[in-house]
Amino acid sequence: MKKIQIKTVKGFNEVLPPESFRWRLVEDKFRDLLEGYGFAELRLALLEPTELFARSIGGETDIVEKEMYTFADRSDRSLTLRPEGTASVVRAYNQYSLGKSSEINKLYYVGPMFRYERPQKGRYRQFHQLGAEVFGEESFYQDAETLVMLAQLFHALSIKGVELHLNSLGCDACRPAFRDHLKDYLSQRHEALCEDCRRRSLENPLRALDCKNPYCREAVADAPPISDSLCDDCSLHFTGLCGLLEDAGIDFQINPRLVRGLDYYTRTTFEFLAGDLGAQNAVAAGGRYDRLVEELGGKATPAFGFAIGFERLMMLIGSEVAPLTSPLVALIPLGEEALGLLFPIHVDLNRKAQVTTLSFQQKSLKSQLKKADKDGVIYALIVGQDELAQGEAICRNMRTKEQTKLPFERLRESLRELYHEC
RNA sequence: GUGGGUAUAGCUCAGUUGGUUAGAGCGCAGGAUUGUGGCUCCUGAGGCCGAGGGUUCAACCCCCUCUACUCACCCCA
């Protein structure tokens with residue numbers, strides 16, 4: 001007989017215990033911090049009309065050109081599994097007119113994203129992001145608040161060695177001029193560029209700054225920095241942000257080559273990079289996108305957002321941060337009658353938190369104690385023939401080996417008292 | 001889409017120039033005076049040696065094809 005084994009689709013990332021407990025702890029910290037800053041959660045659709053991403057992320061980007069899970073549904077509509085969260089948040093912001101109630105302007109989300117890429121370290125086809133977006137705030141104070149908040153998150157998670165890289169991409173007033181300027185510069189060095197950059201230099205010249213090819217890096221080493229082309233407003237916005245970060249004691253470096261793979265960004269753009277992650281070293285990234293809400297059919301609304309790669313974040317957290325809780329008491333019945341006596345207590349005490357464990361199989365005292373030890377319980381409650389005859393259970397402290405007797409009538413209360421002692 | 005590496009027990013991995021019953025550690029199960037855990041010792045279960053084909057008297061080992069995983073390029077979180 002041939003055994004068939006059905007497995008997950010390539011690159012689809014699942015989280016098993018005990019890792020899933022660690023995810024919960026980290027996710028809770030994220031939620032607590034964000035909600036402390038006034039963010040509210042949005043639970044979004046995983047499937048969107050393809051057009052949403054083509055319009056928001058940009059039709060010329062790699063994500064849209066070759067990395068999306070796009071297919072036709074039974075009515076022949078083109079749908080796409082979301083490759084990122086911002087487009088959906090903006091879509092929802094417009095669809096439900098969230099901007100009209102002033103208190104809902106800070107939103108966060110947690111969940112899986114999908115990109116059809118070749119999997120490697122820190123990169124999966126189904127991966128998870130923690131993201132947030134702020135709408136309606138143009139001030140660089142907003143950029144600063146969000147970046148400080150992210151730094152606080154890394155600090156709270158005891159993650160060290162994360163570098164903040166910053167840049168400004170300008171706005172509609174100053175970016176086109178820079179773009180043309182850069183285009184000219186690149187066309188003069190056409191011969192020195194890789195194939196991709198030759199293409200980029202026409203369609204999306206900013207991306208050529210980001211190329212990892214060493215020859216390209218050399219060729220664009222003295223490219224005009226965008227900071228020289230920023231208009232006064234953008235320039236003030238950026239220096240204002242940098243000043244606030246310095247005041248807050250946040251280390252950062254300005255990286256004029258930092259551009260984003262998504263077309264919607266304006267002004268501030270940033271990445272948090274971690275050396276320990278291998279080639280995929282961005283653990284969080286984002287920036288300002290003052291035009292996107294309007295481009296997706298809403299009222300012109302400035303916005304700032306970011307996304308954290310959950311898997312990458314978890315790679316930076318040492319596995320020592322995994323204090324799994326143990327149950328307090330192992331209930332140890334010897335025989336069917338004892339099991340019947342302990343079962344109602346077991347289900348009663350565990351309603352709110354796991355207090356007891358109970359084996360339904362008839363196992364020897366020895367093996368049950370062994371299991372209790374492995375589970376890390378503090379007390380073992382033994383009920384066998386002798387105890388049934390006497391109407392008292394033996395309560396053994398697994399650390400001190402002290403044993404006391406607890407009368408059956410008061411078992412629940414006695415166990416509750418033990419619970420409150422710990 | 002393009003390269004490199006890997007594939008043997010639930011996990012981490014050995015396995016000689018091809019030689020007949022395939023190994024360890026951890027984990028799991030049971031036992032070492034009848035109803036008392038951790039340490040130690042003993043025993044056991046668990047493998048079509050990734051799949052298919054080829055060479056050979058003989059293949060986990062050599063050759064070919066495929067698949068999966070993995071790292072890197074590309075790109076991104």
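Since the structure is predicted, the reported quantities are computational estimates derived from the model, not experimental observations.
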Exercise. When all nucleic acid strands are considered with a 4.0 Å heavy-atom cut-off, which category describes G122(A): base, sugar-phosphate, or nothing?
Worked result: base
Exercise. Could you give the CD-to-P distance, from E133(A) to A77(B), as a whole number of Å?
Worked result: 12 Å
For this session: Side chain of K374(A) only, please: which of G35(B), A72(B), A29(B) is the nearest?
Result: A29(B)
Exercise. Within the structure shown, what part of the strands sits under 4.0 Å from E387(A) by heavy-atom distance: base, sugar-phosphate, or nothing?
Worked result: base
For this session: Determine, answering yes or no, if F310(A) is stacked on A77(B) under the 5.5 Å centre rule and the 30° plane rule.
Result: no
Problem set entry | For A29(B), the Watson-Crick or wobble partner whose two distances fall under 3.5 Å | U43(B)
Problem set entry | Nearest-angstrom distance from the residue atom NZ of K370(A) to P of G38(B) | 6 Å
For this session: Please work out if K401(A) contacts a base, only the sugar-phosphate, or nothing of the nucleic acid, heavy-atom cut-off 4.0 Å.
Result: base
For this session: Can you label the angle between the F135(A) ring and the Y93(A) ring as parallel, tilted or perpendicular, going by 30° and 60°?
Result: parallel
For this session: Run the ring-centre check on Y108(A) versus F39(A) and record whether the distance is less than 6.0 Å.
Result: no
For this session: Considering non-hydrogen atoms only, spot the tightest contact between P344(A) and V347(A) and give its length.
Result: O-CG2, 3.3 Å
Problem set entry | Separation of the P atoms in C48(B) and A32(B), to the nearest angstrom | 33 Å
Problem set entry | Any strand: nucleotide that pairs with U34(B) via Watson-Crick or wobble, under 3.5 Å | none
Exercise. Taking atom C1' of A77(B) as reference, at what distance in whole Å does atom CD of E271(A) sit?
Worked result: 9 Å
Exercise. If you check the A285(A) side chain, which of C74(B), G30(B), A77(B) turns out closest?
Worked result: A77(B)
Exercise. Hey, does Q385(A) reach any base, or is it just sugar-phosphate, or nothing, if we go heavy atoms under 4.0 Å?
Worked result: base
Problem set entry | Separation of atom CE in M398(A) from atom P in C39(B), rounded to whole Å | 12 Å
Exercise. What nucleic acid atoms does A284(A) come within less than 4.0 Å of, heavy atoms only: base, sugar-phosphate, or nothing?
Worked result: sugar-phosphate
Problem set entry | Phosphate contact (C69(B) OP1 or OP2) by K10(A) side-chain N/O below 4.0 Å | yes
Problem set entry | Side-chain-base donor-acceptor pair under 3.5 Å for Q120(A) and C74(B) | yes
For this session: Kindly determine whether E402(A) and T400(A) satisfy side chain to side chain donor-acceptor pair (under 3.5 Å), including the steps that lead there.
Result: CA-CA 5 Å; E402(A) 278 176 285; T400(A) 64; 3.2 Å; yes
Exercise. So does K66(A) get a side-chain nitrogen or oxygen closer than 4.0 Å to the phosphate oxygens (OP1/OP2) of C74(B)?
Worked result: no
Exercise. Donor-acceptor pair under 3.5 Å: do we get one between R312(A)'s side chain and the base of C76(B)?
Worked result: yes
For this session: Identify which nucleotide among U36(B), G38(B), G31(B) has an atom closest to any side-chain atom of S364(A), counting heavy atoms from C-beta outward.
Result: G31(B)
Problem set entry | Aromatic contact, Y69(A) with F12(A) (centres under 6.0 Å) | yes
Seminar exercise, completed: Atom OH of Y116(A) and atom C1' of C76(B) are separated, to the nearest Å, by 17 Å
Exercise. Under 3.5 Å, is there an N or O donor on one side and an acceptor on the other linking the side chain of Q403(A) and the base of U36(B)?
Worked result: yes
Problem set entry | Pairing partner of A77(B) (Watson-Crick or G-U wobble, both distances under 3.5 Å) | none
Exercise. Which nucleotide in the list G37(B), A77(B), G30(B) gets nearest to the side chain of R396(A)?
Worked result: G37(B)
Exercise. Starting at the 5' end of RNA chain B, which residue's closest nucleotide do you reach first, G384(A) or E311(A)?
Worked result: G384(A)
Exercise. Expressed in whole Å, how much space separates the C1' atoms belonging to G5(B) and A77(B)?
Worked result: 26 Å
Problem set entry | Most 5' of F272(A) and D386(A) on RNA chain B, judged by nearest nucleotide | D386(A)
For this session: Could you measure between the two C1' atoms, the one in G4(B) and the one in C41(B), and give it in whole Å?
Result: 47 Å
Exercise. If you check the R123(A) side chain, which of C73(B), G35(B), G31(B) turns out closest?
Worked result: C73(B)
For this session: When you get a sec, tell me which of A77(B), G35(B), A72(B) is the closest nucleotide to the side chain of L365(A)?
Result: G35(B)
Exercise. Does any donor-acceptor pair link the side chain of R118(A) with the base of C71(B) at a separation under 3.5 Å?
Worked result: no
Exercise. Under the 3.5 angstrom rule, does the side chain of Q403(A) hit a backbone N or O of I394(A) as a donor-acceptor pair?
Worked result: no
For this session: With P as the reference atom in both, quote the distance from G38(B) to G31(B) in angstrom, rounded to an integer.
Result: 12 Å
Problem set entry | Gap in Å between the two P atoms, one belonging to G46(B) and one to G23(B), rounded | 14 Å
Exercise. Counting any heavy atom closer than 4.0 Å, what does Y124(A) reach on the DNA or RNA strands: base, sugar-phosphate only, or nothing?
Worked result: base
For this session: Mind listing the closest non-hydrogen atom pair of A282(A) and R312(A) along with its distance?
Result: O-NH1, 2.8 Å
Exercise. Any idea how F272(A) and F270(A) line up, ring-wise: parallel (<30°), tilted (30 to 60°), or perpendicular (>60°)?
Worked result: perpendicular
Problem set entry | For C66(B), the Watson-Crick or wobble partner whose two distances fall under 3.5 Å | G50(B)
Problem set entry | For atom CG of N281(A) and atom C1' of A77(B), their distance in whole Å | 11 Å
For this session: Would you mind pulling out the nucleotide paired to C57(B), Watson-Crick or G-U wobble, both distances under 3.5 Å?
Result: G19(B)
Exercise. Which whole-number value in Å describes the distance from I382(A) CD1 to G37(B) P?
Worked result: 10 Å
Problem set entry | Gap in Å between the two C1' atoms, one belonging to U6(B) and one to G44(B), rounded | 32 Å
For this session: Using a heavy-atom cut-off of under 4.0 Å over every strand shown, decide if L130(A) touches base, sugar-phosphate, or nothing.
Result: nothing
